[in-house]
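Report on one structure; see the data block that follows.
Model, not experiment: these values are computed from the prediction.
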2 protein chains.
Amino acid sequence: MTTLSEENYLKAIYHLGKQDGEAVSTNAIAEQIDAKASSVTDMIKKLADKELANYIKYQGVSLTEEGRLTAKAVIRKHRLWETFLVEKLNFSWHEVHEIAEQLEHIKSEKLIDKLDDFLGNPTHDPHGDPIPDKYGNYTKIKSKSILDIKPGNQGILTSVKDSSKAFLKYLNKNKLALGDTIKVIDFEPFDESFTIETKSKTMTISKNVAENLYLSI
Amino acid sequence: MTTLSEENYLKAIYHLGKQDGEAVSTNAIAEQIDAKASSVTDMIKKLADKELANYIKYQGVSLTEEGRLTAKAVIRKHRLWETFLVEKLNFSWHEVHEIAEQLEHIKSEKLIDKLDDFLGNPTHDPHGDPIPDKYGNYTKIKSKSILDIKPGNQGILTSVKDSSKAFLKYLNKNKLALGDTIKVIDFEPFDESFTIETKSKTMTISKNVAENLYLSI
DNA sequence: ATATATTTTTAGTCTTGTCTAAATATTAAT
DNA sequence: ATTAATATTTAGACAAGACTAAAAATATAT
Ligand SMILES: [Mn+2]
Ligand SMILES: [Mn+2]
Ligand SMILES: [Mn+2]
Ligand SMILES: [Mn+2]
């Protein structure tokens, strides 16, 4: 059985290792978790002892198959709860992450499977991120950042890379939501900004915004 | 902010003190929480430091107004989550307590208020226990144990005193559920058993069962 | 009233998860 | 190839929450 803290580390390593087994540095984890590097070293050792992680001193850490499965189980819970909060309790997408950070650690297989059914077995959470099924499998919608889309092309906003409260509130303010059709009108090389067009209006977005919006073509 | 452990102690003291401010013994709490008396003494001191409890050495502990409010907030969460699990996720009433023991510690006022609305502001949980509102107020349905009901009288099963899994499963097996009309047919002084009649059948129940079934007349 | 039993508290230890400061390895720069 | 900078690990400490064993207080029984 994993502790809350262990689960948070597994999640961090999973995300930083880009889902496959890439080795992750102590400092990267420390920043993600908001802890000191020394604390990370301690925890990595514990995870390695439990055979959830592969660890060689000074060479970073990666997840074992079991570690990866556990990480995905936590992510599944996180995203199902976020979906519940938005779909059933009418939270806005920028409010749910912190609450899901708590709910993701509730231990009950049956609960999460029943929740999954109750929600209609959703495949993606309110931020467009894929929800692993109970075996850890998921398929990510093929999409690319506006940064990589040439003017003249359009697509549907399917996910946001940055799910921070600040960014989501920016999108709310500017009436941009998942599912919207967005057409890339122009690219300005000077500041790398983009002009985009939605059903309701035309607007300019910074590079910073553009790189966090993912469209499926 | 209270910790998970503090919340469990507050709840225990609240229940043992019979809701009003009655002083509770160290040993009673130890048994309820399943911890050693020495651990209880330690925690009581912490609660007293935080002004959640009144504590005089060797004379037991009682809750302050703030402690009582916090306890009721946790109980509110517990019972709302239990209601959610039964009403929305189709759990049986004997499965929900353990999961609610975890969920009751999730911290978000907004979450619990939205959950309350989503459930239609229920006044009682799946075991017939009252759900405090957000100010800690609740009204208990007036009811009495079958032990105190004379043969010939009947009432509606509104709550169970013992919410243990074993007892609830016994009731399931014998097709007794909240809302059922139960008539007391006979009392046998020898073993203090009762014969009761429901819509579907007549059966005999032990004293132990009778004292845990509460009917509203 | 005194002795005995029970309850409660204290003292000291342990585990988990964190931290700071110091030591060691690795990487980058001259 | 050294030296300097950066990253990582170790050593030692601390807080929370639990435990065991022993001491002290209270309650019970003669
Ligand atoms: Mn978390
Ligand atoms: Mn999400
Ligand atoms: Mn609890
Ligand atoms: Mn209940």
Side-chain angles (χ1 to χ4, degrees), chain A residues 1-17 22-63 67 70-71 74 101-102 104-107, chain B residues 1-17 21-63 67 70-71 74 98 101-102 104-107:
Chain A
M1 192 86 313
T2 47
T3 67
L4 183 148
S5 200
E6 287 168 353
E7 289 181 351
N8 285 336
Y9 277 89
L10 290 174
K11 234 182 18 156
I13 297 167
Y14 182 80
H15 283 133
L16 290 167
E22 212 168 287
V24 173
S25 79
T26 302
N27 267 355
I29 299 168
E31 190 182 351
Q32 175 92 355
I33 295 264
D34 196 30
K36 301 295 166 177
S38 55
S39 307
V40 174
T41 301
D42 285 348
M43 181 56 85
I44 286 174
K45 286 179 186 164
K46 270 178 237 170
L47 295 177
D49 282 348
K50 288 194 171 188
E51 305 195 61
L52 295 165
N54 308 115
Y55 171 54
I56 308 171
K57 262 193 202 181
Y58 293 104
Q59 297 192 203
V61 66
S62 64
L63 297 182
T70 308
V74 176
E101 281 295 315
Q102 297 180 62
E104 72 188 5
H105 303 291
I106 300 292
K107 283 172 170 50
Chain B
M1 192 87 313
T2 48
T3 67
L4 183 149
S5 200
E6 286 167 353
E7 289 181 352
N8 284 337
Y9 277 89
L10 290 174
K11 232 181 22 156
I13 297 167
Y14 182 79
H15 284 131
L16 291 167
E22 213 167 284
V24 173
S25 80
T26 301
N27 266 354
I29 299 168
E31 190 183 351
Q32 174 92 357
I33 295 266
D34 195 31
K36 301 294 167 180
S38 54
S39 307
V40 174
T41 302
D42 284 349
M43 180 56 86
I44 286 173
K45 285 179 187 165
K46 269 179 236 166
L47 295 176
D49 282 348
K50 288 194 172 190
E51 305 195 61
L52 295 166
N54 309 115
Y55 171 54
I56 307 171
K57 261 192 200 181
Y58 294 101
Q59 296 193 202
V61 66
S62 64
L63 297 181
T70 306
V74 176
E98 284 143 311
E101 280 296 315
Q102 298 180 62
E104 72 188 6
H105 302 292
I106 301 292
K107 284 174 170 49

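When the side-chain nitrogen and oxygen atoms of A/Lys57 are compared with OP1 and OP2 of D/dT8, none of them lie within a distance under 4.0 Å. In terms of phosphate contacts, B/Lys36 brings no side-chain nitrogen or oxygen within less than 4.0 Å of OP1 or OP2 of D/dA18. For the pair B/Asn27 and C/dT8, the criterion of a side-chain N or O lying under 4.0 Å from OP1 or OP2 is met. For D/dC19, one of the phosphate oxygens OP1 or OP2 lies less than 4.0 angstrom from a side-chain nitrogen or oxygen of B/Ser39. Note on B/Lys45: a side-chain N or O is less than 4.0 Å away from OP1 or OP2 of C/dT10. OP1 or OP2 of D/dA18 has at least one side-chain nitrogen or oxygen of B/Ser5 nearer than 4.0 Å. Applying the 4.0 Å criterion to OP1 and OP2 of D/dA16, one finds that B/Tyr9 has every side-chain N and O outside that range.
Partner of B/Val40 under the side-chain contact (heavy atoms from CB on, under 4.5 Å) criterion, chosen from B/Ile29, B/Ile13, B/Val61: B/Ile29.
As rounded to whole Å, 16 Å separates atom C1' of D/dG17 from atom CD1 of B/Ile29. Rounded to whole angstrom, the span from the CD1 atom of A/Ile44 across to the C1' atom of D/dT10 amounts to 14 Å. Between the CG atom of B/Asp49 and the P atom of D/dA15 there is a distance of 14 Å, given to the nearest Å. Atoms CD1 (A/Ile33) and P (C/dT16) sit 18 Å apart, rounded to a whole Å. B/Glu7 places its CD atom 11 Å from the P atom of D/dG17, with the value rounded to the nearest Å. Rounding to whole angstrom units, CG of residue B/Asn8 and C1' of D/dA18 are separated by 14 Å.
Closest-nucleotide positions on DNA chain C for A/Asp34 and A/Gln59 were compared, and the one nearer the 5' end corresponds to A/Asp34.
In this structure, of C/dA21, D/dT8, C/dT16, it is C/dA21 that holds the atom nearest to the side chain of A/Ser38. Listed candidates were C/dT9, D/dT10, C/dT16. Nearest to the side chain of A/Lys46 is C/dT16. Out of D/dA16, D/dA18, C/dT18, the shortest distance to the side chain of A/Asp42 is found at C/dT18. With distances taken from any side-chain atom of A/Glu6 to the nucleotides C/dG17, D/dT8, C/dT9, the minimum falls on C/dG17. Closest to the B/Tyr58 side chain, of the nucleotides D/dT8, C/dT18, D/dA24, is D/dA24.
More than 12 heavy atoms of other shown residues, nucleotides or ligands fall within 6.0 angstrom of atom CD in B/Glu22.
A distance-only check finds a donor-acceptor pair linking the side chain of B/Lys50 to the backbone of B/Met1 [under 3.5 Å].
Looking at heavy-atom distances under 4.0 Å, B/Thr26 makes contact with sugar-phosphate atoms alone, never a base. As judged by a 4.0 angstrom heavy-atom cut-off over every strand, B/Ala35 is placed among residues touching the sugar-phosphate backbone only.
By the 4.5 Å heavy-atom criterion applied to side chains, B/Tyr14 and B/Leu63 are counted as neighbours. In this structure the side chain of A/Glu104 reaches within 4.5 angstrom of the side chain of A/Asn8, judged on heavy atoms. With contacts defined as side-chain heavy-atom distances shorter than 4.5 Å, the pair B/Thr2/B/Leu52 qualifies.
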